[in-house]
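Everything on this sheet refers to the single structure shown next.
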Amino acid sequence: MAGSSPSRTGAEEPTASRRSPWRWYLDVPLIWKLAVALVLGVVAGLVVGPPIAVVQPLGDIFLRLLTMLVMPLILLTLIAGVASVSPKTLGRIGGKAFVYYLVTTAFAMTIGIGVALLVSPGAGLSLPGDAEVDEETAPPLAEVLTGIVPDNIFSALAEGEVLAVMFFALAVGVALAFMQDSTDDHLAGLAMHLRRFVDGGVELVFLVIRGVLQYSPIGVFALIAVVVGETGADALLPLASLTGVVYGSIILQIVVYALILLLFRAPVGRFFREAKEPMLTGFVTRSSSGTLPVTIRAAERLGVRKGVYSFTLPLGATINMDGTAIYVGAATVFIANVTGTQLTLTQLATVAAVGVLASVGTAGVPGAGLIMLTMAVTAAGLPMAPVALVAGIDAILDMGRTLCNVAGDLTGTRIIAKSEPGMLVDPDAPPEVGEVDEADEAGTGQSGAG
Ligand code: ASP
């Protein structure tokens, strides 16, 4: 399994007495290092306050390291993944992903609105006098759809346009699959070389990710310290009820994921053991697209084949935003409460529709949810001024919703893999020599993983 065997580098295990501090650091499980970094970051942010912003460059380096890997990873894993399955299987996987993403996002929106209506956050809160927020409108659907087809793959890569890069990789992957099956020996031979090149590239990027992850505790410390130091308790306290509603709903949504996994007879404990690394990375980076390298690694460890995750994860990072839907729903109710507006059913339905649709056109980057919120508020005809209140604690809410977005993408990927013959292998089984993701239509290797 790519990126998961501990002795890939072939390094000898030194005896305990000769272990250098670096070796010791490497041997501590990543999740512990991240947990310690998180706690230290919160403490540093609370103690030092806004001046902790000096450590921001350490966090930026982490974000840049992850972002640096996203485009090569999507391109290579998707070409390799698509070339390993038949177009029919791919179509089925795409259909399932789309339905899963739409249904869970609608569900999340309902949870967000429902819990907020029950708790009524923001009632009795007064507005800041100087609040001013720009209105945002959703880009026209036609624009979103044409944008999926790149006119220049290099600029799409450079601009980080996930859907456009996915489109290109899909086209190349399908062509490669046909080339592999060609009756012309020369073409089939070339396809084999290309395939090995792409597979090798994927493994190479996985190795780089492993290196980047060793830096992640420093990045986590810096990012969390800056958010806590800059937001501070003063900003958070008046909005504690909204924060409570958003985080409470996110917990409910994660329970929903656990139930979905149970329904598909997936081992929930094992799933969350692997998922906590990407969930935590999403929490601190506030970007589900940026977290993709870590989410993909977790999917590998769960035994999901490239044929599924190479497609469902980048797609999910771009269009599936359950945590964001919760936030948009809850914050809209909060805004109505602050302004003393009684929301009508039509307004609620408008918010839900905008929330679900806008997530398709909004990338998984920090603060994207705030843009979606302004779209929903505009569409529902509510006053814009209270959005400024929410914007004050957006980073804190963004952390929770990104964690939820990442968990949703991985849950969908896991159950879709389970539903497709041969797309889930036992993650604990040793990789076969020369293993490639063959077109496993026949169902070889399906084990129900773990
Ligand atoms: N930051 C979120 C994500 O990357 C999107 C949002 O702002 O809600 O998934």
Side-chain angles (χ1 to χ4, degrees), residues 59-60 62-64 66-67 69-71 73-74 101 104-105 108-109 111-113 133 136 138-139 160-163 219-220 223-224 226-227 231 242-243 245-247 249-250 253-254 257 275 277-296 298 312-332 334 351-352 354-377 387 390-413:
D60 287 343
F62 178 45
L63 294 178
R64 295 175 78 100
L66 284 175
T67 313
L69 296 168
V70 171
M71 286 297 134
L73 196 58
I74 294 179
Y101 289 154
T104 51
T105 306
M109 177 63 85
I111 291 183
I113 292 179
V133 179
E136 296 276 351
E161 292 166 15
V162 175
L163 292 183
V220 165
L223 291 173
I224 209 79
V226 173
V227 170
T231 309
L242 176 63
T243 312
V245 166
V246 170
Y247 274 85
S249 306
I250 286 170
Q253 182 72 13
I254 289 174
Y257 298 146
E277 239 171 70
M279 283 165 74
L280 191 61
T281 309
F283 186 75
V284 294
T285 60
R286 293 184 271 138
S287 167
S288 34
S289 299
T291 305
L292 263 177
V294 190
T295 322
I296 286 180
T312 56
L313 287 179
L315 187 70
T318 317
I319 73 167
N320 182 43
M321 298 189 184
D322 300 347
T324 310
I326 285 174
Y327 157 83
V328 170
T332 311
F334 168 85
V351 170
V354 171
V356 174
L357 291 178
S359 66
V360 179
T362 324
V365 294
L370 190 62
I371 298 173
M372 281 169 57
L373 177 64
T374 52
M375 285 180 198
V377 168
V387 175
V390 183
I393 56 156
D394 190 60
I396 300 279
L397 302 180
D398 201 358
M399 295 195 298
R401 57 188 199 241
T402 310
L403 172 148
C404 181
N405 292 347
V406 169
D409 300 342
L410 203 54
T411 304
T413 299

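Order of listing sets the numbers, starting from 1, for every ligand and every atom in it. Since the structure is predicted, the reported quantities are computational estimates derived from the model, not experimental observations. Residue numbers start at 1 and run along the sequence shown.
With contacts defined as side-chain heavy-atom distances shorter than 4.5 Å, the pair Tyr247/Leu403 does not qualify. Contact check for Pro278 versus Leu410: side-chain heavy atoms found under the 4.5 Å cut-off. Looking at Asp398 and Leu370, their side chains never come closer than 4.5 Å, going by heavy atoms from C-beta outward. Put simply, the side chain of Val162 reaches to within 4.5 Å of the side chain of Met71, judged on heavy atoms. With a 4.5 Å cut-off on side-chain heavy atoms, Asn405 and Arg286 do not count as touching. Inter-residue side-chain proximity for Asp409 and Thr312 is flagged as unmet; no heavy-atom pair is nearer than 4.5 Å. Between Val390 and Leu242 the shortest side-chain heavy-atom distance falls below 4.5 Å.
In terms of protein heavy atoms, atom 7 (O) of ligand 1 is closest to Gly369 N, 2.7 Å. In this structure, the protein non-hydrogen atom closest to atom 3 (C) of ligand 1 is Ser288 OG, 3.2 Å. For atom 2 (C) of ligand 1, the nearest non-hydrogen atom of the protein is Thr402 OG1, 3.2 Å.
Under 4.0 Å from ligand 1, the heavy atoms of Arg286 that appear belong solely to its backbone. Contact annotation: for Val406 versus ligand 1, there are no heavy atoms closer than 4.0 Å.
Near Thr324, meaning under 4.0 Å from one of its heavy atoms, ligand 1 places the atoms 5 (C), 6 (C), 8 (O). Close contacts between ligand 1 and Asp398 involve ligand atoms 1 (N), 2 (C), 6 (C), 7 (O), 8 (O) [criterion: under 4.0 Å to a heavy atom]. Per-residue contacts place Gly367 under 4.0 angstrom from the following atoms of ligand 1 (heavy atoms of the residue considered): 7 (O).
Any N or O atom pair closer than 3.5 Å counts here, and Leu370 shares no such pair with ligand 1. Not a single N or O atom of Ser289, backbone or side chain, sits closer than 3.5 Å to an N or O atom of ligand 1.
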